[in-house]
Each structure stands twice: as C-alpha cells, then as structure tokens.
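The next block holds one structure in the form of structure tokens; read it before the comments.
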Protein chains: 2
Amino acid sequence: MKHFITKETPVTEEALNVIAYLPTKSLPAIVEDEFFVKLSDRDIMRIAVLLAQKSYDEGGCPIGGVIIDNRTRLIVGKGHNTLVQDNDPYNHGETSAIRDAGRQDFGNTTIFTTLSPCDVCATLIYMRQFNRVVIGDVTNASGTEQMLREKGVKVDILEDPAGIALYAKYKAEKPDLDLEDWKGLAAVRKAQP
Amino acid sequence: MKHFITKETPVTEEALNVIAYLPTKSLPAIVEDEFFVKLSDRDIMRIAVLLAQKSYDEGGCPIGGVIIDNRTRLIVGKGHNTLVQDNDPYNHGETSAIRDAGRQDFGNTTIFTTLSPCDVCATLIYMRQFNRVVIGDVTNASGTEQMLREKGVKVDILEDPAGIALYAKYKAEKPDLDLEDWKGLAAVRKAQP
C-alpha cells in the first residue's frame, strides 16, 4: 500500500496532527520517510505542541516531547505529560517521549520539549547523553538551560507562540495542577490557606 | 474473610516475599494493617531487596523501592527497576515505586531504595518532597546523599548484606546493563573497543 502522507504532501497543521496522534511504531506505515526530511525544527516543535494540546484536551498538563534522529530526521519517540491521565506523579513530556523511544543510544538524537525542562528531566537528558535539546517555551518556565549546556548538551530555544499561549492559559485555569507537576502534592497542600 | 497474614504472623522472609509480590492495592485484602506496624526499617528494606531479587530473576536490574506512610507504616507504593522488562530507558526502583503510589502527598512518607539513588532519582525525591530516604547499599554506588540532605531530605543508610551481594553479582555478570542503567546506551557504545 502507498503511504497516505508522502514527500509531496504539504506540511500543514492537519498533517502534523496525524503524526502527533499516530503511535510512533505506526508512522512508517502511514508516512513516507522523505516527508520527515522536509520538516524544519519549527515543524517538529509544532508536533510537540500538538501533543501538548492533546494532553490539554484530555484534562491533563499541556506539555509534549518529540525525539528525532539527527541524521534521518525520523521520529524515534514522542509523548506528553500524563500526570492526570496515568495518575503518575512524574511522567513529563520528556520522560514520556523517552519511554516511548525505548532503550536506544540517544547520543545522536535531539529532544524537542514544549516547555523548559524541570530539574529531574534536565538531569535525565544529560545522563542519557542526548546530543541536543530544543525548548519551545522559556517564558512560562526556565532555569535548567545553563546546567544542560555545562553538561555538554546543545541547547536551542525555539519559542512557539501557540504553545506558550496554551501553557499560560492552562496555568491560569489550573494553578494547583501546575504546582503539583513541578513540586508535588506536598507543595500544593502547603500553599493552601 | 479473615486476613491470611495477621498481627500474629511471624515476620519471616516468606511472609515478606508475599508482600513484595502482591500488588500494592491488594495488600489490604491479604495483610492485616497491624502486621505492618511490627515491621522495622530493616524489614521494609528486606521487602525492597526481595523486589530487587524478583527483577533479577526476570533478567532485569536488581534494584527495588518501597514507600511507606511514616505514621501508619503502611506501604503506599513499591516496585523495581524495569529497564529490561519494559524496555524503558529510565524506570528505576524509586520511579517504579513512585508511579505505583500514584499522585499523593509524599511529605510524610519514607522511600526505601536498595541502592544509592542516581542523580535523576535523587532530584525527583527532593522535588516530590519526600520526608526521608533509607538507602540499602552505598557500597556498589553512592554520591547523592549529601545533595539530598542539603535539600532537606532525611537520609539514613541501612545496608542490607544480601542486597549488596546480589547487586555485586549482577554487576559482575552484566556490566553493560549496569552501565546502561546509569548512563544510557550511548555510554555503553563509547565503552566498547
């Protein structure tokens, strides 16, 4: 069977959304490899933001992550925060993408994350020896970029306005969920009057 | 129905192994709450080591974790490393127990881990505001204890000789797996001649 998305397919929000929603293992059956070669870093970040949107639509934290192979530009893992969906105290966009990728050498990969990584994820990114991290939002959070650079990870900031607006909206709507995701329920209890 | 394990049941390796193997949510149906009150920190560490042994028997990394409520002494989460079992680049004994516990306030809990936490898990432990961590092995690994104390987490070392012997045996048998679990497959590839 021919691919539904080929190298001729225009790079639209709708096409990127199909990629966001498809299981990573199913991508080769639906999307021609050459389509991915056309995708800029900004396009990959859009896929991460569409995953954040998916999580938001499910009632969860809107943070997404995508990992690509630097040479082929193929997606090797992706996911979004599942604090609410999996009742998991720590499964951020980055860990979700890393778990989806499975055991592999991340030394020649780039991880795209819609929001500046927390201390835990930043530590995981350098301990798993990622080559590069691209961050879509240093407006709503920031702080680990310097540490990542010192540990030898290339760090690029590529802010996505729609992703920043989505996270700001969520933070205003659900401040407790945002605090829990960063510092745990203990912090939420302490913050209550 | 009466509990199979009651406050009268002797604290034996076999009884602790039942607790290690039962799903956390099933414990109240099988084990009377008062049994847990009898368990010393050393007994809880034995449960963590039995979880490590379970993982070893499955071909995985022998590292286990148990979280208890400081007041009731009840187990609220437990698990073991699943690098091999789940093909997960980062699910250590600590994260496995935290995921099993689900979203809760860890401010009045203690996490028992059979091996000194890696940088990622240590960061997660203080960011989730655990009150205390008890470490069963600082012989095969160590290094995050000072940082944890500086972040306000109580740290107790309670070495378990059988757990230490098990980890040493595994490290000698599968050095690549040990390195991957700590530093990722990129480190394993670099170490190869």
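To find a chain, count down the sequence lines: A is the first, B the second, and so on, and within it residues start at 1. We use all heavy atoms of the structure for the numbers below, so side chains are in, but hydrogens, waters and symmetry mates are not.
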Can L179(B) be reached from L83(B) by stepping across I, L, V, M, F, W or Y side chains whose heavy atoms are under 4.5 Å apart?
-> no

With respect to chain A, which residue among V188(B), D100(B), D119(B), N87(B) yields the maximal number of heavy-atom pairs within a distance under 4.5 Å?
-> N87(B)

Rounded distance [0.5 Å steps], CG in L185(A) versus CZ in R128(B) | 9.0 Å

Between OG1 on residue T123(B) and OH on residue Y90(A), distance to nearest 0.5 Å | 9.0 Å

Taking a hydrophobic cluster as the set of Ile, Leu, Val, Met, Phe, Trp and Tyr residues connected by side-chain heavy atoms closer than 4.5 Å, whether directly or through intermediates, do F36(B) and V134(B) fall within one such cluster?
-> yes

In terms of heavy-atom contacts, does OH of Y21(B) have more than 12 from other residues, nucleotides or ligands at under 6.0 Å?
-> yes

Looking only at W182(A), F106(A), F130(A), most heavy-atom pairs under 4.5 Å shared with chain B are made by W182(A)

Verify the neighbour count for atom NZ of K154(B): are there more than 12 heavy atoms of other residues, nucleotides or ligands below 6.0 Å?
-> no

The residue among L177(A), D181(A), D86(A) that forms side chain to side chain contact (heavy atoms under 4.5 Å, CB included) with R103(B) is L177(A)

Interatomic distance, CG@N91(B) vs CG@N91(A), rounded to 0.5 Å, equals 9.5 Å

Under 4.5 Å from any heavy atom of chain B - which part of A187(A) = both

Can you hop from F112(A) to L51(A) via hydrophobic side chains spaced under 4.5 Å?
-> yes

Enclosure of K171(B) NZ (heavy-atom neighbours >12, cutoff 6.0 Å) | yes

Interatomic distance, NZ@K190(B) vs CG@D105(A), rounded to 0.5 Å, equals 8.0 Å

For the hydrophobic clusters of this structure (ILVMFWY residues joined by side-chain heavy atoms under 4.5 Å, transitively), does one cluster hold both F4(B) and L22(B)?
-> yes

Heaviest contributor of heavy-atom pairs below 4.5 Å to chain A, chosen from G107(B), G184(B), G102(B), is G102(B)

